[in-house]
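I have placed the structure first, in the form of structure tokens, so that the comments after it can refer back to it.
Just so it is clear, the values below take in all heavy atoms, side chains as well, and ignore hydrogens, waters and symmetry mates.
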Amino acid sequence: MKNLKELFEIAKASMEQQKDFVFVTVIASSGSTPRGAGSRMLVLPDGTSFGTIGGGSVEHTSVLEAQKALTEKKSSCRAYRLRENQAADLGMICGGDVSLYFQYISWENQDFYQLCSRLLADWNKNENSWLLLDITEETAWQSGYYQENSGLWGLSLSNPAPLLKPNAAQAVLDGRRYYSEPLVRKGMVYIFGGGHVAQELVPLLTHLEFSCTVFDDREHFSSPRLFPAAAKCITGDFTRLSDYFEITPEDYVCIMTRGHQYDYLVQQQVLKTPTKYIGVMGSKRKKAIIREKLLHDGFTPEELARITTPIGLNIQAETPSEIAVSIAGELIQIRAKNG
């Protein structure tokens with residue numbers, strides 16, 4: 001399954017190869033539908049699909065509908081009722097209603113190609129951004145892109161603020177109907193220590209739409225070759241973290257260095273930042289030793305309560321890959337609670 005960035009990379013590559021495609025997007029859902037608004041897949045003329053809108057019969061039917069849109073070179077909107085024992089049921093066990101938009105994109109559509117190029121170039125800037133669609137005319141949707149620092153591109157809107165929500169949204173503005181979904185949520189996951197768990201964690205978090213920075217004082221363990229999915233890899237001094245970056249309230253910190261002393265140095269510094277999460281990998285003994293040091297440094301018990309150790313959800317994880325899953329689950333939970 002591809003993440004959102006990968007879908008736009010495939011879209012851009014398809015246009016360069018002179019291939020049309022259809023984006024199938026869940027623009028509204030209710031009840032217990034398999035995926036919520038914002039779920040998306042890309043379908044090529046031969047029926048090859050990337051991404052998912054929930055799987056099962058609804059996805060199979062949508063691929064066929066997308067191929068029809070490619071033949072007719074025409075966009076459309078379809079509503080499906082996913083209720084038990086009703087004629088409109090598509091074979092799904094889950095109940096609810098779902099509205100799908102089949103957006104036909106010609107490889108010659110230079111506006112959409114420029115949109116893909118721009119948002120991909122901006123993807124790793126760690127700035128909040130949204131995809132905006134003018135859905136007033138069903139057969140001719142217009143696409144735009146909003147980034148918090150650079151503003152709106154591709155659409156004319158006097159005030160896009162009602163569309164800039166943490167989840168997919170619709171609104172009528174200036175007499176036209178718009179749909180929006182977040183592309184990038186500001187917030188970097190700073191991973192201190194590039195060992196086995198970090199090597200499992202970074203690709204997993206990247207797939208889940210988190211941006212990751214890996215920091216280590218050993219070049220081999222903070223190399224883009226070892227972490228090709230990381231937004232940044234930094235080789236530096238554990239005693240001077242502020243020389244390399246500024247940790248914000250939107251960021252997460254995961255500490256998994258190779259020893260007590262390095263863990264202590266990192267905690268000593270990140271406790272002075274407004275980061276929303278500090279997780280530390282390690283044993284109860286290591287936690288107790290470092291806690292005593294930090295108390296001696298003048299940190300209060302309330303300040304130390306910000307630290308989660310052992311890091312991750314309690315799923316009895318043992319292997320590096322299992323620990324990575326437990327950490328990813330905890331970060332998903334925190335992100336969802338914070339909108």
Side-chain angles (χ1 to χ4, degrees), residues 1-84 86-117 119-120 123 131 133-135 137-143 168 179 181 183 203 206-209 229:
M1 186 176 69
K2 302 294 185 182
N3 64 24
L4 194 53
K5 181 184 179 185
E6 290 171 326
L7 288 185
F8 280 102
E9 288 172 339
I10 293 168
K12 183 172 179 285
S14 297
M15 299 180 84
E16 291 169 349
Q17 296 163 14
Q18 300 187 3
K19 293 180 181 179
D20 298 347
F21 58 89
V22 166
F23 261 135
V24 184
T25 305
V26 179
I27 60 170
S29 64
S30 63
S32 301
T33 48
R35 296 293 297 273
S39 302
R40 181 185 296 268
M41 70 176 178
L42 183 151
V43 181
L44 298 175
D46 64 359
T48 301
S49 64
F50 303 92
T52 182
I53 56 169
S57 295
V58 66
E59 189 158 295
H60 174 71
T61 301
S62 297
V63 170
L64 297 178
E65 188 68 35
Q67 288 181 289
K68 179 182 176 183
L70 282 160
T71 300
E72 297 177 351
K73 301 182 183 297
K74 183 179 178 182
S75 301
S76 65
C77 192
R78 296 285 184 268
Y80 296 113
R81 175 166 292 172
L82 308 179
R83 300 187 189 280
E84 296 178 4
Q86 291 190 354
D89 187 281
L90 293 177
M92 305 299 293
I93 295 173
C94 304
D97 298 323
V98 60
S99 295
L100 304 178
Y101 188 71
F102 297 82
Q103 186 179 14
Y104 166 74
I105 304 292
S106 165
W107 68 269
E108 298 177 293
N109 186 334
Q110 284 301 301
D111 288 340
F112 197 86
Y113 182 81
Q114 291 175 22
L115 174 75
C116 290
S117 299
L119 66 86
L120 287 171
W123 202 277
L131 179 68
L133 302 174
D134 182 339
I135 62 175
E137 284 89 30
E138 180 179 302
T139 59
W141 277 21
Q142 300 298 312
S143 302
Y179 164 87
E181 62 181 88
L183 290 175
T206 302
H207 187 72
L208 296 168
E209 311 290 354

S14: side-chain contact (heavy atoms from CB on, under 4.5 Å) partners, not counting sequence neighbours: I10, K19, F21, L44
Which atom of S75 lies closest to which atom of Y101, heavy atoms considered: CB-OH, 3.0 Å
Check: I135 and C77 side chains under 4.5 Å, non-hydrogen atoms: no
Which residues share a side-chain contact (heavy atoms from CB on, under 4.5 Å) with A168, sequence neighbours left out: A37, Y179, E181
Separation of S49 OG from Q67 CD (nearest 0.5 Å): 9.5 Å
NZ on K5 to CD on E209, rounded to 0.5 Å: 9.5 Å
Partner set under salt bridge (charged side-chain N to carboxylate O under 4.0 Å, His left out) for K12, not counting sequence neighbours: E16
Interatomic distance, E9 atom CD to L119 atom CG [nearest 0.5 angstrom]: 10.0 Å
Listed partners of F8 passing ring-ring contact (aromatic ring centres under 6.0 Å, His included), at least two apart: F23
Set of residues satisfying salt bridge (charged side-chain N to carboxylate O under 4.0 Å, His left out) with respect to E72, sequence neighbours excluded: none
Minimum heavy-atom distance between I53 and V58, given as atom pair plus value: CD1-O, 4.4 Å
Heavy-atom pair with the smallest gap, counting every atom of S62 and V24: CB-CG1, 4.3 Å
Residues which pass side-chain contact (heavy atoms from CB on, under 4.5 Å) with A229, listed by chain and number, not counting sequence neighbours: V202, T206
Residues in side-chain hydrogen bond (donor to acceptor under 3.5 Å, both in side chains) contact with S117, at least two apart in sequence or another chain: none
Residues in side-chain hydrogen bond (donor to acceptor under 3.5 Å, both in side chains) contact with T25, at least two apart in sequence or another chain: R40
Atom pair CG (L120) and CD (E6), whose distance is rounded to the nearest 0.5 Å: 11.0 Å
S76: side-chain hydrogen bond (donor to acceptor under 3.5 Å, both in side chains) partners, not counting sequence neighbours: none
Inter-residue atom distance C116.SG - M15.CE, 0.5 Å rounding: 6.5 Å
Contact summary for S143 and L115, nearest pair of heavy atoms: CB-CD2, 3.6 Å
Non-hydrogen side-chain atoms of L42 and V22 separated by less than 4.5 Å: no
CD1-OG distance between I27 and S39, expressed to the nearest 0.5 angstrom: 12.5 Å
Residues that E65 engages under side-chain hydrogen bond (donor to acceptor under 3.5 Å, both in side chains), provided they are two or more places apart: R78
Under 3.5 Å, which donor-acceptor pairs link side chains of residues 105-112 to any protein atom two or more places apart or in another chain?
residue: S106; atom: OG; partner: E108; partner atom: N; Å: 3.1
residue: N109; atom: OD1; partner: D111; partner atom: N; Å: 3.2
residue: N109; atom: OD1; partner: F112; partner atom: N; Å: 3.0

